[in-house]
Amino acid sequence: MKKIYQLYRFLLRKHGRPKDFWRKWCKRKKTKEDKEEIALGAILTQRTNWKRVELVFENLKRAKILSIKKIYQAGKKDLKLLEKLIRPSGFYRQKAKRIYRFCQFIVENYRNLEKFFSQDLKTCREELLDIPGIGPETADSILLFAGGKPIFVIDEYTRCFVKREKISNQFSYNYLQDLFQKNLPRDAKIYQDFHALIILEGQSIKL
DNA sequence: GTCCAGGGCCGTT
DNA sequence: AACGGCCATGGA
């Protein structure tokens, strides 16, 4: 069943190549710092939209703690401060803790993201999933969009897409992830673009 | 006032 | 394995 790959080609023709999904959504340039923001954004965006996450980034920027290291230091001293800054993205007490623990994990074990991502995909994924508050979707978003690792992200948009296109009548995370990966070249760029296209498609239908 | 936005965790069945 | 309740904000 190469239907999935054909759907990818179809969406690519329809919407064009999404230049840089995260840049477009975050309205930011792709820099080294940006990778950290992408990873942090993956947690902040849980069950909310990007506008809210933008507000948090602005707060963090204003407070000059917009990096993994700075958040780690700030959170260690005073979690309440992080809570206050993270508030606009909702679930702020949980998310402050989640963000802090993620930063703590990176800094204390690897010093920086680069080092962490230098390991193989399987190791990175297992370690991310061990951090409380980081589940499969958040972990894979971090791996794919911040780490450039070839792993396909399943989210609500993807499930709606699967349903609309009658790709499968089973919707569990692992099953769908497997299905997409088996029917696509193992290429992070393609996974990124396809994911962006699925969201663009989902939003265009909603209107 | 009501609805909802790109999850994850925990407890129950 | 599947489902329900919970976490919380601000814009439409």
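Proteins get letters first, then strands, A, B, ... in listed order; numbering begins at 1 in each. Not measured: the values here are computed from a predicted model.
Close to C:dT9, at under 4.0 Å from its OP1 or OP2, lies a side-chain N or O of A:Arg87. Here A:Arg47 does not reach the OP1 or OP2 of C:dC7: none of its side-chain N or O atoms lies under 4.0 Å away. For the OP1/OP2 pair of B:dG6 and a distance below 4.0 Å, the side-chain nitrogens and oxygens of A:Tyr157 include at least one atom meeting the criterion.
One can place NZ of A:Lys51 at 18 Å from P of B:dC4, the figure rounded to the nearest angstrom. Rounded to whole Å, atom P of C:dG10 lies 18 Å from atom CH2 of A:Trp50. Rounding to whole angstrom units, CZ of residue A:Arg159 and P of C:dA2 are separated by 11 Å. For the pair A:Leu44 CG and B:dA5 P, the interatomic distance rounds to 19 Å; values are reported in whole Å. A:Ile86 has its CD1 atom 18 Å from the P atom of C:dC7, to the nearest Å. Look at CD on A:Glu156: it is 9 Å from P on B:dA5, rounded to the nearest Å. Residue A:Glu54 contributes atom CD, which lies 15 Å from atom C1' of C:dG11 at whole-angstrom precision. Between the CD1 atom of A:Ile43 and the P atom of B:dA5 there is a distance of 22 Å, rounded to whole Å.
Residue A:Phe91 is classed as a base contact, given a heavy-atom separation below 4.0 Å to a base.
Taking the six-membered ring where the residue is Trp, A:Phe161 and A:Phe194 present perpendicular rings, their angle passing 60° and hence far from 30°.
In this structure the side chain of A:Phe117 never reaches within 4.5 angstrom of the side chain of A:Tyr110, judged on heavy atoms. Two residues are said to be in side-chain contact when any heavy atoms from C-beta on lie closer than 4.5 Å; A:Phe145 and A:His195 meet this criterion.
Geometrically, A:Arg87 engages A:Tyr92 in a cation-pi contact defined by less than 6.0 Å to the ring centre and at most 45° from the axis.
Nearest heavy-atom pair across A:Gln104 and A:Tyr72 is CA-CD1, 3.5 Å. Minimum interatomic distance between A:Asn59 and A:Pro88 (heavy atoms only, all atoms of both residues): ND2-CG, 3.6 Å.
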Each nucleotide N or O in nucleotides 8-13 of chain B that has a protein N or O under 3.5 Å away: list the pair and distance.
| unit_1 | atom_1 | unit_2 | atom_2 | d |
| --- | --- | --- | --- | --- |
| B:dG8 | OP1 | A:Gly135 | N | 3.0 |
| B:dG8 | OP1 | A:Gly135 | O | 3.2 |
| B:dG8 | OP1 | A:Glu137 | N | 3.4 |
| B:dG8 | OP1 | A:Thr138 | N | 2.9 |
| B:dG8 | OP1 | A:Thr138 | OG1 | 2.7 |
| B:dC9 | OP1 | A:Gly133 | N | 2.9 |

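C:dG10 and B:dG8 are spaced 23 Å apart, taking the P atom of each and rounding to whole Å. Taking the P atoms as reference points, C:dA2 lies 24 Å from B:dG6, given to the whole Å.
The existence of a salt bridge linking A:Lys14 and A:Glu201 is confirmed by a sub-4.0 Å separation between a basic side-chain nitrogen and an acidic carboxylate oxygen.
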